[in-house]
2 protein chains.
Amino acid sequence: MPAVQTPTLRDVADAAGVHPATASRALNPATRGLVNAETARRVMKVAEGLGYRPNPMARGLKTAKSGTVGLVIPDLTNPLFPPIVRGIEDVLEPAGYSGLIVNTDNDPQREHAQIELLRSRQVEGLIVATALLDHPLMAKLQREGVPMVMVNRRPDGVDIPSITPDDAAGIEMAVDHLADLGHRRIGHLSGPATTSTGVARRRAFRNAVRDRDLDVDPALVVTCEHWTEEAGAIALRHLLDVRPDVTAIVAGNDLIALGCYDVFAERGIDCPREMSVVGFNDMPFLDKLAPPLTTLAIPHQQIGAEAARMLLDAIAEPDRAARSVLLPLSLVVRGSTAPPVT
Amino acid sequence: MPAVQTPTLRDVADAAGVHPATASRALNPATRGLVNAETARRVMKVAEGLGYRPNPMARGLKTAKSGTVGLVIPDLTNPLFPPIVRGIEDVLEPAGYSGLIVNTDNDPQREHAQIELLRSRQVEGLIVATALLDHPLMAKLQREGVPMVMVNRRPDGVDIPSITPDDAAGIEMAVDHLADLGHRRIGHLSGPATTSTGVARRRAFRNAVRDRDLDVDPALVVTCEHWTEEAGAIALRHLLDVRPDVTAIVAGNDLIALGCYDVFAERGIDCPREMSVVGFNDMPFLDKLAPPLTTLAIPHQQIGAEAARMLLDAIAEPDRAARSVLLPLSLVVRGSTAPPVT
DNA sequence: CTGAAAGCGCTAACAG
DNA sequence: CTGTTAGCGCTTTCAG
């Protein structure tokens, strides 16, 4: 017969000799001022003694607030996301919120279902990392007034707060670095054209090579189907077929760069002697690769933290103007870039 | 004036011309049988049309079930966990459950607070990956009847279902592999003595070297303070100081093995020519290291999935006997192991 | 098979 | 400052 029913607010009130409403006021920091300081103290002590824990479902039912937000990511298994999620949680927790994570696997159907699930769980807002450039669902959610923040990517033409890397600046740094090393024929394996990061980096690359009088042959730019190792490998094989004289690669992200490593191994290309590569994101453990990958670092945890803060703001003040932030990047030079063999 | 209040069960009932109770029965698969098939169909159609979504808070308030479980992990940023979490979510979701993740950073205080948080959120059970050998909190939770499953590690002397790798078998495979290559002086950098995996692997290592007539000098076994790269590096430096003639290392896990790589770099040791290393866990991207790490692979997602299944069972039938499963491992031979230079 | 009534635990007016 | 009252949306007896 153990399992002493967890005490309810009534129990606390009874034990403290007050009405449940008073106990409620005393226990809630926001309304504690309405209560005699002495009574409040007593109630709190009793609550503590009984091991009282408010039931958020009951509270939520009354207040229509769940204390949860949804985190919509493609796949937790992609090393880019854990640090972001961690940053988010670190901000949500002290604010009394929890995050519910869902994985969409980049499948729009699944995304739709997962977001439905989150909404049915009464999440108060959404942090979305799966945005596509053209994303009707996001637009619809926004119209319905769901507080939202986009992370890493953002849809076109909707006024949703977002926190994204400064893709153009990053690509310029990468191209500058390679040009400084002496590279003239630089290729770009861009991310899917359906994502903002994909097109922004691609456009930035085109501009950068043009401005620096490097080889602007369109064949040097190949678009990957996905942000994956496999897609990166396929793209590089294709590029090498049409432009075997390329000496350096700017990869759309680190996973695509890893795909390049696979092709190097398979074709016996010596990186960085025969071919340089730059990644994007600075995922964990890149410094342990052979060779360690030169890449653009973004402050993952800070992104997450900032996104969570923005979302909490949006929840608190639903109709404040959407603020969007562009993250500064830094180039981390490691072993995968070197002067070309001329 | 948009934001049409999300429809409630009452709305559905009204629209279908039935009592809310009937609508409730019709919508819940478990009670649908109690309702005229025709009525049920009608109610469901109306619900669908209205875009009705049951409010889990209201339901939970009534049924004392939240449809959530807590996932207690040290740090999501540790690459071991995302695949496990993914495996868990993949089982929870179709069952109508969601997971709430908390990070403890291996801090008992924080763990306690986080578990309180989860309990106050009315989680129906816990999947715990932070178990220590001596873990009063776990024992207490078990006494209180909280459904729980341990993952990866397990406390001593409490009868809690767990799903852990077959540490002994794994270490034997590692030692066999090294012995077959010709190594006689094998070191072990074990995990903390406070964790089941730490002591089990350490004990297994001792037995393995004894049984194979290899060097059994206790100085060849060094215990790391933490399961981290840094701790691994420190331990290896210490080992090299006392036994510079060691030719191979069995690391307590992959992160500790990565610490070894750092020391190799710092002391100019050529791995695998001068020193072999075996890791444990087969984290992602180990195959891209220089050299690719030989390690023991565990089926991460499956662990997670199995743990979730066990927890759902425990929630459904609270007093069924605790079942524990030992996971088979496989040795993945890559480039970090080779015959010793004799 | 369906309706009526009650209540899960909490908060929010509204009185006092 | 505190008690009363009502009700969030749903499920679950209990009658009919």
Side-chain angles (χ1 to χ4, degrees), chain A residues 3-44 46-47 50-68 96 119-124, chain B residues 3-44 46-47 50-68 96 119-124:
Chain A
V4 195
Q5 190 56 37
T6 169
T8 97
L9 185 59
R10 251 203 79 121
D11 300 329
V12 176
D14 288 353
V18 296
H19 192 270
T22 309
S24 169
R25 290 189 273 255
L27 260 14
N28 186 326
T31 50
R32 190 169 300 149
L34 306 175
V35 165
N36 181 308
E38 181 46 44
T39 334
R41 199 186 329 283
R42 183 157 41 89
V43 172
M44 293 168 70
V46 172
L50 259 48
Y52 170 73
R53 279 188 312 248
N55 182 332
M57 310 183 84
R59 173 182 304 178
L61 188 54
K62 183 69 191 175
T63 59
K65 288 181 167 315
S66 62
T68 58
R119 296 193 70 191
S120 78
R121 283 210 176 264
Q122 315 289 118
V123 295
E124 294 180 40
Chain B
V4 195
Q5 190 57 38
T6 166
T8 99
L9 185 59
R10 253 201 76 120
D11 300 328
V12 176
D14 288 354
V18 296
H19 188 97
T22 308
S24 169
R25 289 189 273 253
L27 260 15
N28 186 326
T31 51
R32 192 168 300 149
L34 306 175
V35 165
N36 181 309
E38 182 44 45
T39 333
R41 198 185 330 281
R42 181 158 42 89
V43 171
M44 292 168 71
V46 171
L50 259 49
Y52 169 74
R53 280 188 311 249
N55 181 332
M57 312 184 83
R59 182 198 309 238
L61 189 53
K62 186 68 190 175
T63 59
K65 290 184 167 310
S66 61
T68 59
R119 297 193 69 190
S120 79
R121 282 210 176 264
Q122 316 289 117
V123 296
E124 293 180 40

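All chains are named by letter (A, B, ...) in the order of the sequence lines, taking the proteins before the strands, and each is independently numbered beginning at 1. These numbers come from the heavy atoms of this one structure, side chains and all, not from hydrogens, waters or symmetry mates.
Taken residue by residue, residues 14-23 of chain A places heavy atoms nearer than 4.0 Å to DNA chain D at Val18(A), His19(A), Ala21(A), Thr22(A). Contacts between residues 30-39 of chain B and DNA chain C, defined by a heavy-atom separation below 4.0 Å, involve Leu34(B), Val35(B), Asn36(B), Thr39(B), listed by number. For the contact set between residues 53-66 of chain B and DNA chain C, defined by any heavy atom under 4.0 Å, the members are Leu61(B), Lys62(B).
Neither OP1 nor OP2 of dC8(D) sits under 4.0 Å from any side-chain N or O of Thr8(B). Contact between the side-chain N/O atoms of Ser24(B) and the OP1/OP2 oxygens of dC10(D) is not found at any separation under 4.0 Å.
For the pair Arg121(B) and Ser66(B), the minimum side-chain heavy-atom distance is 4.5 Å or more.
What you find for Val46(B) and Ala15(B) is that their closest heavy atoms are CG1-CB, 3.5 Å.
Summarising the geometry, atom OG1 belonging to Thr8(B) is positioned 8.0 Å from atom CG belonging to Asp14(B); distances are rounded to the nearest 0.5 Å.
Side-chain atoms of Arg42(A) do not come within 3.5 Å of backbone N or O of Gly17(A) as any donor-acceptor pair.
When rounded to the nearest whole Å, the span between CZ of Arg25(A) and C1' of dT5(D) equals 12 Å. Leu27(B) has its CG atom 8 Å from the P atom of dT11(D), to the nearest Å.
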All N/O donor-acceptor pairs, side-chain side in residues 20-31 of chain A, below 3.5 Å, sequence neighbours left out:
{"from": "Asn28(A)", "atom 1": "OD1", "to": "Ala30(A)", "atom 2": "N", "distance (Å)": "2.8"}
{"from": "Thr31(A)", "atom 1": "OG1", "to": "Arg25(A)", "atom 2": "O", "distance (Å)": "3.0"}
{"from": "Thr31(A)", "atom 1": "OG1", "to": "Asn28(A)", "atom 2": "O", "distance (Å)": "3.2"}

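Taking five base pairs at each end of the helix from dC1(C)-dG16(D) to dG16(C)-dC1(D), the local helix axes there meet at an angle of 40°, rounded to 10°.
Under the rule for a salt bridge (charged side-chain N to carboxylate O under 4.0 Å, His left out), Arg32(A) has no partner lying at least two apart in sequence or in another chain.
Across dC14(C), dC10(D), dT12(D), the shortest atom-to-atom separation from the side chain of Leu9(B) is found for dC10(D).
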